[in-house]
Amino acid sequence: MTGKQLTPQNATITTATIQVQALTIGKKQVTIAVFRQLEDEDIIKPLDAGLAGEPWGRVNYHPDKCADEKQHIHVVWQKGDELRRATVYEPSVAAYKHPTAGLYVEALIAEGLDHTNPRASSVGGADRIQVVRAKREGGVGFTRFTHHGVQFHGPVRSDFLTVFHNHYFRRHESENLWHQVRHVAGPEATSESIAANLPVLAYKTSWRQLTDLPQLFIAV
């Protein structure tokens, strides 16, 4: 199959005995080498956690030697007239990047959350909250936390990092932090209203749809 390109036009799924489904080009089963040539692109969309295209099936092969990493699956999917492969992580270890994630933790910091506060490990519907400093002075750091079973990842701005890590919190700072949060989230925003925009159910639904896909077999 040297020189063959895997596309929706020449790829098919064939069923062998005992309902084994193979990914093929013409009459030849797709090899690992051809599978690895597929462009690696996320199938779960970055804003609403829905699917970015039509999933074909799961492949039990780890092209990046990631079999021992946190729980995940590899999926073949169709984007327009092209095929892609994607790595999708189980919700509790997803580290799903979403703009609301950072904004939510910034709102918690504006409410008084810092590294000395017991709530730094669990608050509201979120737990295992981490806030990591920027690599350079004045830069953007990041947060990672689990909200109702889905792990999120998002940016945290410099002013919020300073307050969180230095336990330096006064009323006028709270007002300034809330001004920054509400400039993005709206004048009446609270941590609860921001958290409501995290696509928890959508990510779980996409994960369930993908794990329910048939397994596709490729040749070694």
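Using a 30° and 60° split on the angle between ring planes, Tyr203 and Tyr96 fall in the tilted class, from 30° to 60°. Under the 30°/60° scheme for interplanar angles, the aromatic rings of Tyr89 and His72 are found to be tilted.
Pairing each heavy atom of Asn60 with each of Gln215, the nearest pair is CB-NE2, 3.3 Å. Annotation for Lys45 and Leu51: closest pair CE-O, 3.7 Å, computed over non-hydrogen atoms.
Ring centroids of His147 and Tyr104 are separated by less than 6.0 Å, placing the two rings close together.
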For this session: Evaluate the criterion side chain to side chain contact (heavy atoms under 4.5 Å, CB included) for residue pair Gln180 and Glu106; output intermediate values, then yes/no.
Result: CA-CA 9 Å; Gln180 293 186 56; Glu106 288 181 346; over 6 Å; no
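Here the side chain of Arg128 pairs no donor or acceptor atom with the backbone of Thr146 at under 3.5 angstrom.
Checking Thr162, Val184, Ile109, Leu177 one by one against Arg157, the side-chain contact (heavy atoms from CB on, under 4.5 Å) holds for a single residue, Val184.
Taking CD of Glu111 as the start and OG of Ser191 as the end, the distance is 3.5 Å to the nearest 0.5 Å.
We find that Glu41 and Lys79 are joined by a salt bridge, their nearest charged nitrogen and carboxylate oxygen being less than 4.0 Å apart.
Residues Glu54 and Trp77 bring no donor and acceptor atom of their side chains to less than 3.5 Å of each other.
Neither Phe142 nor Leu103 shares a network with the other; the hydrophobic side chains, linked directly or stepwise wherever heavy atoms of I, L, V, M, F, W or Y lie under 4.5 Å apart, form separate groups for each.
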